[in-house]
K.L.:
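Have a look at this one.
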There are 2 protein chains.
Amino acid sequence: MPFGVSVMILRYALLGLLSDEPASGYDLKKKITDSSILYWSGNNQQVYRTLIQLEQEGLVSHQVFAQEHLPAKKVYSLTEQGLTELKVWIRSTPELPATRTPFLIQLTWAGLLNDEELYRLLEKYEGEVREELAMQQEKARRLGLASQGTSSRSAFLRGKITENVLSFYGNELNWIRRLRRDIDAAGGYQDELRSQAS
Amino acid sequence: MPFGVSVMILRYALLGLLSDEPASGYDLKKKITDSSILYWSGNNQQVYRTLIQLEQEGLVSHQVFAQEHLPAKKVYSLTEQGLTELKVWIRSTPELPATRTPFLIQLTWAGLLNDEELYRLLEKYEGEVREELAMQQEKARRLGLASQGTSSRSAFLRGKITENVLSFYGNELNWIRRLRRDIDAAGGYQDELRSQAS
DNA sequence: TTGGCCATGTAATATGTTACATGATTCC
DNA sequence: GGAATCATGTAACATATTACATGGCCAA
């Protein structure tokens with residue numbers, strides 16, 4: 001069974017979420033969408049289909065709950081076997097992060113733009129990163145409040161994960177600011193920059 | 001035409017590479033594989049298919065060159081229209097980087113592991129990041145030597161792109177080191193860590 | 001009364017990956 | 001003799017995304 005990278009991530013993310021508590025496909029999809037690190041594109045299909053597959057493999061099981069005025073729920077839980085498999089994966093050799101950053105590709109050929117166009121491109125990117133960082137900080141603040149009191153090892157690790165996300169955007173913001181400052185220092189947006197050696 | 005994110009990246013990466021100089025599909029695929037930011041999975045199919053598509057759209061054209069003892073080459077060049085389209089894209093609003101980091105997902109549920117298992121997981125990850133950073137530094141050094149003398153705006157920007165990649169791994173390395181130090185400071189790998197408030 | 005939330009799912013399409021075919025050449 | 005490089009491509013499969021269907025409830 002040749003599971004691709006992101007399918008695998010989804011599989012184990014689902015097992016992980018179900019190790020916290022039983023949940024329906026709908027719930028799980030929302031949790032994934034809300035998560036900063038489980039980046040996903042509003043796509044419930046994969047969640048539903050993956051759950052069915054996981055059930056066939058005996059890693060999860062479900063119970064149907066009827067509801068008044070609302071569609072019935074399939075509430076999934078982790079099986080013993082599922083927990084075992086989840087642990088095996090968590091212990092396995094971690095992969096390096098894979099980053100897709102279209103902006104760096106734009107920048108690679110941004111030499112084709114004129115000074116003003118380049119200025120605006122860099123400005124826009126800084127703005128976006130700044131906003132995203134602010135959003136993540138706000139999210140972290142709310143999450144921090146929610147987990148006050150819990151001081152288990154899990155809570156400690158989850159705090160560190162938040163820190164990772166924040167430091168990623170912080171690092172990116174510093175980089176783009178340095179870049180813009182260096183360009184300014186080299187005498188505005190002249191076509192030739194001699195500052196490269198520095 | 002609903003181009004997904006990464007297809008779009010491939011399209012414009014190809015146009016960009018061809019704006020540097022004409023090249024065959026084979027050459028382009030190698031350049032993409034070698035690139036730190038055009039992360040791809042040794043997959044020539046997409047390159048060949050995308051080139052054919054780009055040609056149908058009039059953004060690139062090709063000439064066939066016969067070679068002695070070697071298969072014929074299809075050397076692609078950027079058309080006027082292709083250059084225009086590339087510039088339009090470069091000027092367009094940049095997207096934020098999208099990062100897939102399976103390790104953070106492992107870590108989210110690493111509370112399920114015992115102390116020693118967690119220790120080994122963190123150690124392995126630090127090692128991997130350290131090695132990758134070293135590799136990227138080595139790559140940057142070689143690239144820096146190659147581009148000595150060129151002090152155009154393009155060269156300046158490409159230097160900054162390298163800096164971005166290095167600072168990404170540097171940041172990640174700092175984070176995992178801090179994490180491990182904090183755990184050590186909290187009295188080794190005890191099951192309960194009270195250091196969370198700090 | 002338009003739209004969003006709840007909840008699951010089908011169908012169609014788009015994208016990504018793997019395996020394999022060809023065939024001469026060069027390096028170990 | 002086996003593997004890697006050069007060079008393009010076909011076919012098959014795996015995975016991801018979009019659009020749509022259902023249908024009652026609730027809020028602006």
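Every chain is numbered from 1 and lettered A, B, ... according to where its sequence line falls, protein lines coming before strand lines. For clarity, every value in this text was computed on a predicted model and none was experimentally measured.
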K.L.:
Can a side chain N or O of B:Lys30 be found less than 4.0 Å away from OP1 or OP2 on D:dC6?
P.N.:
yes

K.L.:
Among C:dG16, C:dT8, D:dA7, find the nucleotide with the atom closest to the side chain of A:Asn44.
P.N.:
C:dT8

K.L.:
Can a donor-acceptor pair be found, under 3.5 Å and without considering hydrogens, that links the side chain of A:Lys73 to the backbone of A:Tyr26?
P.N.:
no

K.L.:
Would you please classify the geometry between the B:Tyr125 ring and the B:Phe103 ring as parallel, tilted or perpendicular, with 30° and 60° separating the classes?
P.N.:
parallel

K.L.:
How many whole angstroms separate atom OH of A:Tyr76 from atom C1' of C:dG9?
P.N.:
11 Å

K.L.:
Could you tell me whether the side chain of B:Gln106 and the main chain of A:Trp89 form a donor-acceptor pair under 3.5 Å?
P.N.:
yes

K.L.:
Distance check needed: D:dA7 P versus B:Leu51 CG, whole Å only.
P.N.:
15 Å

K.L.:
Go nucleotide by nucleotide along DNA chain D from the 5' end; which of A:Leu70 and B:Gly25 gets its closest nucleotide reached first?
P.N.:
B:Gly25

K.L.:
Does OP1 or OP2 of D:dC25 have a side-chain N or O of A:His69 closer than 4.0 Å?
P.N.:
yes

K.L.:
By nearest heavy atom, map A:Arg49 and A:Ala72 onto DNA chain C; which one lands nearer the 5' end?
P.N.:
A:Ala72

K.L.:
Can you check whether B:Ser167's main-chain N or O pairs, donor with acceptor, with A:Asn171's side chain at less than 3.5 Å?
P.N.:
yes

K.L.:
Look at the side-chain N and O atoms of B:Lys74 and state whether any lies under 4.0 Å from the OP1 or OP2 oxygen of D:dG9.
P.N.:
yes

K.L.:
Starting at atom NZ of B:Lys29, determine the distance to atom P of C:dG16, rounded to an integer number of angstrom.
P.N.:
16 Å

K.L.:
Give a yes or no on whether B:Glu138 atom CD has more than 12 heavy-atom contacts from other residues, nucleotides or ligands under 6.0 Å away.
P.N.:
yes

K.L.:
When the nearest nucleotide of DNA chain C is assigned to A:Gln45 and to A:Pro71 on a heavy-atom basis, which residue is associated with the more 5' position?
P.N.:
A:Pro71

K.L.:
Check whether any side-chain nitrogen or oxygen of B:Tyr26 sits under 4.0 Å from OP1 or OP2 of D:dT8, and answer yes or no.
P.N.:
no

K.L.:
Send over the distance from B:Gln46 CD to D:dA11 C1', rounded to a whole Å.
P.N.:
16 Å

K.L.:
Describe the nucleic acid contact of A:Gln67 in one word from base, sugar-phosphate, nothing, applying a heavy-atom distance below 4.0 Å.
P.N.:
sugar-phosphate

K.L.:
Measure CE/B:Met8 against C1'/D:dT17 and give the value in whole Å, please.
P.N.:
15 Å

K.L.:
Just how far, in rounded Å, is P of D:dG24 from NZ of A:Lys73?
P.N.:
20 Å

K.L.:
Rounded to whole angstroms, how far apart are NE2 on B:His62 and P on D:dA7?
P.N.:
15 Å

K.L.:
Less than 4.0 angstrom between a side-chain N/O of A:Tyr48 and OP1 or OP2 of C:dG9, yes or no?
P.N.:
no

K.L.:
Measure CD/B:Gln53 against P/C:dT15 and give the value in whole Å, please.
P.N.:
8 Å

